[in-house]
Novice: 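Could you have a look at this structure, given as structure tokens, before my questions?
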There are 2 protein chains.
Amino acid sequence: MKITPMTQSLVLHFGEMGSRWGLNRTLGQMYALIVLTEAPLNADQISEALQISRSNVSMGLKELKSWNLIKLQHIPGDRKEYFSAPSDIWEIARTLVLERRKRELDPTLSTLRDALMEQATSEADQYAQMRVKQMHDLLEMVTLWTTELQGMSSDKLAALLKLGEGISKLLDVKDKLLLR
Amino acid sequence: MKITPMTQSLVLHFGEMGSRWGLNRTLGQMYALIVLTEAPLNADQISEALQISRSNVSMGLKELKSWNLIKLQHIPGDRKEYFSAPSDIWEIARTLVLERRKRELDPTLSTLRDALMEQATSEADQYAQMRVKQMHDLLEMVTLWTTELQGMSSDKLAALLKLGEGISKLLDVKDKLLLR
DNA sequence: TACAATTTTCACAAATTACTGAAAGTTCGA
DNA sequence: TCGAACTTTCAGTAATTTGTGAAAATTGTA
């Protein structure tokens with residue numbers, strides 16, 4: 001499996017990015033390759049294209065599956081397993097957000113809630129609890145938002161994001177509507 | 001510097017979280033401690049509370065400074081440097097978003113743009129470029145949003161987040177207003 | 001059921017990242 | 001300008017994470 005210079009450089013960049021996103025370098029590279037390639041790929045092709053061992057690919061694929069980022073498919077007459085990414089980039093983004101929420105936000109919220117349930121005796125703990133409450137409320141809102149995003153169609157999501165700088169104004173409009 | 005069991009467990013949790021956020025475990029712990037403690041702390045106190053070497057604290061503090069997450073202050077009659085976190089949790093969140101954007105989004109956008117400038121000859125590259133375009137547009141919108149957030153007051157930010165499930169409806173309202 | 005094709009697991013090796021103590025550097029007051 | 005108080009740097013070590021090859025497990029089909 002040959003790989004063009006363009007894909008090559010993108011793959012390398014996303015490898016670096018991957019490590020900042022809870023995935024690791026190889027995983028980032030693998031996913032970049034799958035996303036950028038139209039045809040579904042099998043493990044051997046990935047292994048060859050990225051010059052990593054077959055077993056490493058197997059582990060990476062396992063991880064990618066656990067993130068729900070890839071689709072398994074079979075090609076008639078071929079026993080190998082082929083993988084591809086969703087064609088809708090918004091779906092990928094939505095999945096990424098959802099999975100990170102499950103892995104990071106949810107456990108953190110639960111820890112914060114536990115801390116809030118405790119009886120704060122010392123003054124130090126009272127202050128800590130106050131901060132915990134602030135963080136908790138903030139993260140809960142973020143959770144609410146991500147939940148909301150999950151239910152939105154790709155079109156709507158695109159529209160929302162396009163709003164961009166309009167969002168601030170929109171908020172003002174909302175206030176006026178409520179005042180009416 | 002003693003540390004209550006409550007702070008202790010929160011510090012440990014944010015240590016784990018830190019590693020998922022581009023910081024590392026120690027950095028997460030240090031910041032949690034600073035955020036949860038009302039009084040500004042000096043390096044020795046942090047070192048003692050978290051049981052890590054003085055030099056490690058120095059490096060962590062340096063990193064935290066580069067993220068703009070801590071404020072340096074001096075206590076009259078004491079030559080040590082003391083550090084504290086912003087009292088406004090929204091400010092912390094805003095800073096975090098901004099810094100991550102600078103470190104991750106911006107370089108990625110630039111790589112994507114480079115790829116888009118190239119002449120795609122092969123069919124493979126044309127497909128790749130199409131996907132790159134999708135990613136680029138998505139990330140550019142995210143950037144726009146984060147920029148917008150930077151300019152918003154904490155109050156407004158809180159209001160926006162509180163909108164939660166209302167956001168979808170709000171979008172509909174906007175469409176109606178435009179149609180009018 | 002047997003067997004070839006394919007995938008997964010896992011113990012170890014390699015690479016990367018984080019931590020430490022000692023030494024060097026800085027700052028400030030006398 | 002000296003020296004004590006404090007901070008930073010850095011080379012080496014420790015810990016963690018990632019990658020590999022060999023072997024085991026699974027799958028599909030003749």
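Residue numbers start from 1 in every chain, and the chains themselves are labelled A, B, ... in the order their sequence lines are given, proteins ahead of strands.
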Novice: Strictly below 4.0 Å, heavy-atom distances to any atom of DNA chain D: list the hits from residues 61-76 of chain B, or just say none.
Specialist: B:Lys62, B:Lys65

Novice: Whole angstroms only, please: what is the CG-C1' distance between A:Leu50 and D:dT18?
Specialist: 15 Å

Novice: Inspect the contact between B:Arg113 and B:Glu140 and indicate whether a charged nitrogen and a carboxylate oxygen are less than 4.0 angstrom apart.
Specialist: yes

Novice: Report the residues that fulfil salt bridge (Lys or Arg N to Asp or Glu O under 4.0 Å) with B:Asp114, sequence neighbours left out, ordered by chain and then residue number.
Specialist: none

Novice: How long is the line joining NZ of A:Lys80 and C1' of C:dT8, in whole Å?
Specialist: 16 Å

Novice: What integer distance in Å separates B:Glu81:CD from D:dT8:C1'?
Specialist: 11 Å

Novice: Going by heavy atoms in the side chains, are A:Phe83 and A:Asn42 under 4.5 Å from each other?
Specialist: no

Novice: Round to a whole Å and report the spacing from CG of B:Asp78 to C1' of D:dA4.
Specialist: 14 Å

Novice: Looking at side-chain heavy atoms only, is the closest gap between A:Asp88 and A:Ile92 below 4.5 Å?
Specialist: no

Novice: State, with a plain yes or no, whether a side-chain heavy atom of A:Met1 is found less than 4.5 Å away from one of A:Leu41.
Specialist: yes

Novice: Between A:Gln134 and B:Trp90, is there a side-chain donor-acceptor contact under 3.5 Å, judged purely by atom types and distance?
Specialist: no

Novice: Assign a letter to each nucleotide of nucleotides 14-30 of chain C from its 5' end: B, base within under 4.0 Å of a protein heavy atom; S, sugar-phosphate only; -, no contact.
Specialist: ----SSBB-----BB--

Novice: Can you confirm whether B:Thr95 sits close enough to B:Glu99 that some side-chain heavy atom of one is under 4.5 Å from a side-chain heavy atom of the other?
Specialist: yes

Novice: Can you confirm whether the side chains of A:Thr146 and A:Arg94 place a donor and an acceptor under 3.5 Å from each other?
Specialist: no

